[in-house]
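A short worksheet on the structure shown next.
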Amino acid sequence: MKLWRGGRLATLAGEQGWGLIDDGALLVDGDQLRWVGPSADAPAADEVVELHGALVTAGFVDCHTHLVYDGNRANEFEQRLLGASYADIAKAGGGIRSTVAATRAASEADLLASATRRAQALMREGVTTLEIKSGYGLDAATEARMLRVARQLQSLGLDVRTTYLAAHALPPEFTNADDYITAVCEWLPELRAAGLVDAVDAFCEHIAFSPAQTARVFDAAQALGLPVKLHAEQLSDQGGAALAAGYRALSCDHLEYLSPAGIQAMAAAGTVAVLLPGAFYALRETQLPPIQQLRDAGVPIAIATDHNPGSSPTLSPLLMLNMACVLFRLTPEEAWRGLTVNGARALGLRDRGQLVAGQRADFCVWDAGHPRELAACFGHNPLTERVQQGMQGAV
């Protein structure tokens, strides 16, 4: 067993408060935290690591990314600055379809190489658990290829959760969305049997799929025992959040146009609200998610990078902490919980996100005095150690 001693621990124990322990210690037994408390009360260990007052937090859980793809869409950034909207670009054949064309043309080795670089960038800022969606294939072969690549990233020393998002956009070879949804549902059992899918997602929006089409995908997921998530209410209120809550969705994500009925449905279902400040910023949105109403209803709030080549091309969870506070007015503690314990809940995980006995030994050591410093500042990275399941990794 290894004892990490003499740090300032931000445990996030309980449902509120930083849970700070000055001069605290962590006893790691294999891949778990066996004991957490004041250094003076620490049990004996085989090995001791002195923290010299450094800040220790749980590792980041980035619960919403589109990390596996090829190509880039910097041209769309320029188009948006000249006045084109996200919907305008999508209707003209850009957006998701542009990335689909590039991803279909890429080999599995090429996709793995580029995704590895992106994953390593996230790891260098403290990510220990990462969700990766498919959805840039939109055919059976490429969707499977994306999910296989995502699974292979676990060899980096990273816990990867995979989400099937074939219901992301209508591919060019289909003219009827209902026919495409039939195909999406038909591909799922084989991917599930191959062990490539942890959850199922869809894009319920006027430029994507209707609530009725989304429900068909969720029915297929439910029949296979897979949990669901939803891109909901990003550009308009389609009632997607209430629909997803009816399936006890793990999370609904984006939520700028979330209605009071959607909030209440999410609260009743225990569905996590995943806010994506990177996309809000990059698309220059003005409609804020209903933050206070989510708080009042007791809906857990997570945040994530939403890394993708078009609307959120960021690889910085630290920047997302800051943006969540500045753009959405989350408190630093809310932002931290959003990238740790609530990010884990958005993936259906209860064994990480806090520094308490019994949790996974996924934690980060920072050259900082308090976690709010990392939310207040941007453009720097004070990470000095990243520990994944008890194992130290390169920073």
Side-chain angles (χ1 to χ4, degrees), residues 61-68 129-135 143-144 146-148 150-151 154 159-168 181 184-204 208-209 211-234 238-255 258 262-263 265-276 294 298-304 306 338-353 360:
V61 179
D62 194 353
C63 66
H64 182 133
T65 83
H66 306 256
L67 204 76
V68 178
T129 298
L130 177 64
E131 186 257 18
I132 301 175
K133 304 178 190 295
S134 67
E143 289 289 303
M146 292 182 68
L147 292 166
R148 284 196 302 270
R151 281 281 193 247
Q154 297 209 135
D159 190 15
V160 176
R161 298 292 161 143
T162 54
T163 299
Y164 177 62
L165 181 58
H168 198 194
I181 291 298
V184 167
C185 296
E186 289 174 347
W187 300 335
L188 181 56
E190 184 175 347
L191 297 171
R192 167 71 155 135
L196 294 176
V197 181
D198 295 318
V200 174
D201 197 348
F203 188 16
C204 184
F209 298 102
Q213 290 159 348
T214 300
R216 291 178 60 199
V217 176
F218 285 179
D219 286 341
Q222 193 172 66
L224 294 169
L226 289 167
V228 301
K229 304 162 69 66
L230 187 64
H231 285 61
E233 276 71 271
Q234 180 184 9
Q238 298 290 308
L243 169 70
Y247 289 84
R248 303 196 70 81
L250 294 175
S251 73
C252 292
D253 304 26
H254 286 289
L255 301 177
L258 180 63
I263 294 171
M266 290 175 64
T271 299
V272 176
V274 179
L275 306 184
L276 304 170
L294 289 168
V299 176
I301 296 174
I303 64 172
D306 187 20
L339 259 174
T340 52
V341 60
N342 288 341
R345 289 174 179 173
L347 299 177
L349 303 173
R350 297 280 177 164
D351 63 346
R352 67 201 71 185
R360 279 170 49 120

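Numbering starts at 1 and runs along the sequence shown.
Side-chain contact check for I263 versus L294: some heavy-atom pair is nearer than 4.5 Å. The closest side-chain heavy-atom distance from K133 to M146 is not below 4.5 Å. When side chains are defined from C-beta on, V61 does not count as touching L339, because their heavy atoms never get closer than 4.5 Å. Taking the side chain as every heavy atom from C-beta outward, E131 and D62 never approach each other to under 4.5 Å. Between L349 and R161, some side-chain heavy-atom pair lies under the 4.5 Å cut-off. The shortest distance between side-chain heavy atoms of Q154 and D159 falls below 4.5 Å. Contact check for L224 versus L188: side-chain heavy atoms found under the 4.5 Å cut-off.
Remark: P211 pairs with C204, Q238, L243 by the side-chain contact (heavy atoms from CB on, under 4.5 Å) rule, at least two apart or across chains. Remark: D219 pairs with Y247 by the side chain to side chain donor-acceptor pair (under 3.5 Å) rule, at least two apart or across chains. The side chain to side chain donor-acceptor pair (under 3.5 Å) search around E233 returns none, not counting sequence neighbours.
Checked by atom type and distance alone, the side chain of T162 pairs as donor or acceptor with a backbone atom of L196 at under 3.5 Å. The main-chain N or O of L165 is found under 3.5 Å from a side-chain atom of S134 such that the two form a donor-acceptor pair. Put simply, the side chain of D253 never gets that close to the backbone of V274: no donor and acceptor are under 3.5 Å apart. The main-chain N or O of G270 is never found under 3.5 Å from a side-chain atom of R345 such that the two would form a donor-acceptor pair.
Below 30°, between 30° and 60°, or above 60°: for H254 and H231 the angle between ring planes is between 30° and 60°, a tilted geometry.
Here C63 contributes atom SG and I132 contributes atom CD1; the two are 13.0 Å apart, rounded to the nearest 0.5 Å. In this structure, the separation between OG1 on T163 and CG on L147 is 8.5 Å, given to the nearest 0.5 Å. Rounded to the nearest 0.5 angstrom, N342 CG and I301 CD1 are separated by 8.0 Å. Atom-to-atom distance recorded for I181:CD1 and E186:CD is 11.5 Å, nearest 0.5 angstrom. We find the NE2-CG distance between H168 and D201 to be 8.0 Å, quoted to the nearest 0.5 Å. Annotation: the span from S251 atom OG to L275 atom CG amounts to 10.5 Å, rounded to 0.5 Å.
When all heavy atoms are compared, the tightest approach of A245 to A269 is O-CB, 3.4 Å. A pairwise comparison of heavy atoms in C252 and A241 identifies SG-CA, 3.8 Å as the closest pair. Pairing each heavy atom of Y164 with each of V197, the nearest pair is CB-CG1, 3.8 Å. Here the shortest heavy-atom pairing between L226 and A199 reads CD2-N, 4.5 Å.
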- Message: Run the side-chain contact (heavy atoms from CB on, under 4.5 Å) test on F203 and L230 for me, step by step, so that the C-alpha distance in whole Å, both residues' side-chain angles and the decisive distance to 0.1 Å come before the verdict.
- Response: CA-CA 6 Å; F203 188 16; L230 187 64; over 6 Å; no

- Message: Would M266 and L258 count as a side-chain contact (heavy atoms from CB on, under 4.5 Å) here? Give the steps.
- Response: CA-CA 10 Å; M266 290 175 64; L258 180 63; 4.0 Å; yes

- Message: Using the rule given for side-chain contact (heavy atoms from CB on, under 4.5 Å), can you reason through V228 versus L250, listing the C-alpha separation, both sets of side-chain angles and the distance that settles it, and then say yes or no?
- Response: CA-CA 6 Å; V228 301; L250 294 175; over 6 Å; no

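A salt bridge is absent between K229 and D198: the closest approach of a Lys/Arg side-chain nitrogen to an acidic carboxylate oxygen does not fall below 4.0 angstrom. Classification of R192 and E190 as a salt-bridged pair fails, no side-chain N sitting under 4.0 Å from a carboxylate O.
Side-chain N/O atoms of T271 and R248 include no donor and acceptor closer than 3.5 Å.
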